[in-house]
2 protein chains.
Amino acid sequence: MVMESTAAPGNDPRPGRLNRRIVVRAALELVDAHGLEALTMRRLGQSLGRDPMALYRHAASRKDLLAGVVELVLEELEVVAEDAHWQEQLRRMAHELRRVCLLHPNVVPVLVTGPLSTPLGLRPTGTLKPLEQILAVLIGAGFSAADALHVYRAFYGFLYGHILNELQELIADPDENEALLRLGLQRLSLREFPHLRSLAPELMEYDGEHELDQGIGILLAGLGQQLADSAAR
Amino acid sequence: MVMESTAAPGNDPRPGRLNRRIVVRAALELVDAHGLEALTMRRLGQSLGRDPMALYRHAASRKDLLAGVVELVLEELEVVAEDAHWQEQLRRMAHELRRVCLLHPNVVPVLVTGPLSTPLGLRPTGTLKPLEQILAVLIGAGFSAADALHVYRAFYGFLYGHILNELQELIADPDENEALLRLGLQRLSLREFPHLRSLAPELMEYDGEHELDQGIGILLAGLGQQLADSAAR
DNA sequence: ACCTGAACACCGTTCAAGT
DNA sequence: ACCTGAACACCGTTCAAGT
């Protein structure tokens, strides 16, 4: 592995005084620029012009640092206006999360798997903010607390899944993509993968924003319908 | 970190001859038992009674090993019968993937983020098998190739998202859970998290299987409806 | 030709020694 | 009391030296 130059270009390599915010922000920049693996205490220390050990004053561990990075990314979410129908508000929230995730694709793996097995109550407040926000919208729209929770789960489940899907289909170099795809698909045996092999043209065009919008629309319509039914019963 | 005993209990620590299958299976056992971080070349070599370097004969790298582990887990998927309605077949596939993921929760993070930015055509055939299978069901049910791909994406998106959600709510010790949850929620400020704080009782009971079934039902109904509409137009 | 294991270039984190 | 950096206990992987 090749070592990068001492500091990220355009960044003061030696800010006057360190605090958690500065450290976490530098960590995010490292991850954005060079991937999750590049985030090591040593490299981060180097990019801040400090002894790596100095970082432990502002983050308990590498894991804690990653949790901070996730929180920082979620802070970039713009709050959607409250004047629309609840379905429209949720739809906008979905697009907003998608937008932020596409800005920080390297963070997404920790964003979606990060809090695994961390009890909900103990998660950083930054990651609970979106949950509270959605609950507010739904309860404000007349849902019971229990129903709001159901809608939240289905909504966020679909949203996370879509983002993972989209990132998987996102290729660094779109020019290379077509050739690579065709080559890759041809490698597959026609007997075992007849349908997949025939899908090359369709796989080429993927409109993540549209796909997300469609899916959310279907889901919200179905959820609204189901809840209306159960209310009428 | 404490070192485990030389071999996993009940496992022959020194199989006669190594091959990829044996190596990958041992890797899966290590991950199941002790988590992803426990999968190191050195520990795996130790659990097989071999020099760690011997593993490189059967796996190109640790990453390759993890890809093999994911493939192995997906091989545990039982193929669903082909005699039901396509929606029912997809529903069963969803439950089947959920079942296997819950058997190997430690593998799920690599399962869902593993192929990130690996072009679809270059992924291991084991991970493409479920995709081909779903396409077969949908095209067999009369969908066009393009529509089948849309349904697949929405379906798998939701499915992955649900599984991640469920694993996040799954707590190791359910007895401790309630106390921890209440404690955690009380930590939150009432001003910032009024709705979340009031949801403690609802958060306690989570039926992942039912939740998945509901979500899949809504999604499939919506997808079927949408596609019927577009066919009629 | 194959296999082994020493060695390299890293890790996160602890903790004793300095100020 | 605070900060530093040497040291510990690991990593994945390369490659020269053995058989």
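Letters A, B, ... mirror the listed sequences (proteins, then strands); counts begin at 1. Predicted, not measured: the structure shown is a model, and the values here were computed from it.
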Go through the steps to decide whether Arg153(A) and Glu166(B) satisfy the test salt bridge (Lys or Arg N to Asp or Glu O under 4.0 Å), and finish with yes or no. CA-CA 9 Å; Arg153(A) 283 177 176 143; Glu166(B) 181 166 355; over 6 Å; no
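- Ranking dG12(C), dT13(D), dT4(D) by closeness to the Tyr56(A) side chain, first place goes to dG12(C).
- Rounded to an integer number of Å, the gap from Leu44(B) CG to dC10(D) P is 17 Å.
- One interatomic measurement links the two molecules: CD of Glu37(B) to C1' of dC11(D), which rounds to 12 Å at whole-angstrom precision.
- Here the side chain of Arg42(A) is nearest to one of dT13(C), dT13(D), dG12(C), namely dG12(C).
- One interatomic measurement links the two molecules: CD of Gln46(B) to P of dG12(D), which rounds to 13 Å at whole-angstrom precision.
- When the nucleotides dT4(D), dA6(C), dG12(D) are ranked by their closest atom to the side chain of Met53(B), dA6(C) comes out on top.
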Dump the intermediate steps for side chain to side chain contact (heavy atoms under 4.5 Å, CB included) on Val108(B) and Leu102(B), then the final yes or no. CA-CA 9 Å; Val108(B) 169; Leu102(B) 290 183; over 6 Å; no
Begin from the C-alpha positions of Leu135(A) and Leu196(B) and carry the test side chain to side chain contact (heavy atoms under 4.5 Å, CB included) through to its verdict. CA-CA 7 Å; Leu135(A) 292 177; Leu196(B) 191 49; 4.1 Å; yes
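- Using modelled atom types, one finds a donor on one side chain and an acceptor on the other under 3.5 Å when comparing Asp213(B) with His95(B).
- Of the listed nucleotides (dA7(C), dC11(C), dG5(D)), dC11(C) has the atom at the smallest distance from the side chain of Arg43(A).
- Computed from coordinates, the Arg50(B) CZ to dC2(C) P distance equals 17 Å when rounded to whole Å.
- Comparing the P positions of dC8(C) and dG18(D) gives an interatomic distance of 16 Å, to the nearest angstrom.
- In this structure, the CZ atom of Arg17(B) is 12 Å from the P atom of dC2(C), given to the nearest Å.
- Arg57(A) has a side-chain polar atom (N or O) that falls below the 4.0 Å cut-off from OP1 or OP2 of dC3(D).
- For the pair Asp51(A) CG and dA7(D) C1', the computed distance is 13 Å after rounding to whole Å.
- Not one side-chain nitrogen or oxygen of Arg62(B) sits closer than 4.0 Å to the OP1 or OP2 atom of dC11(D).
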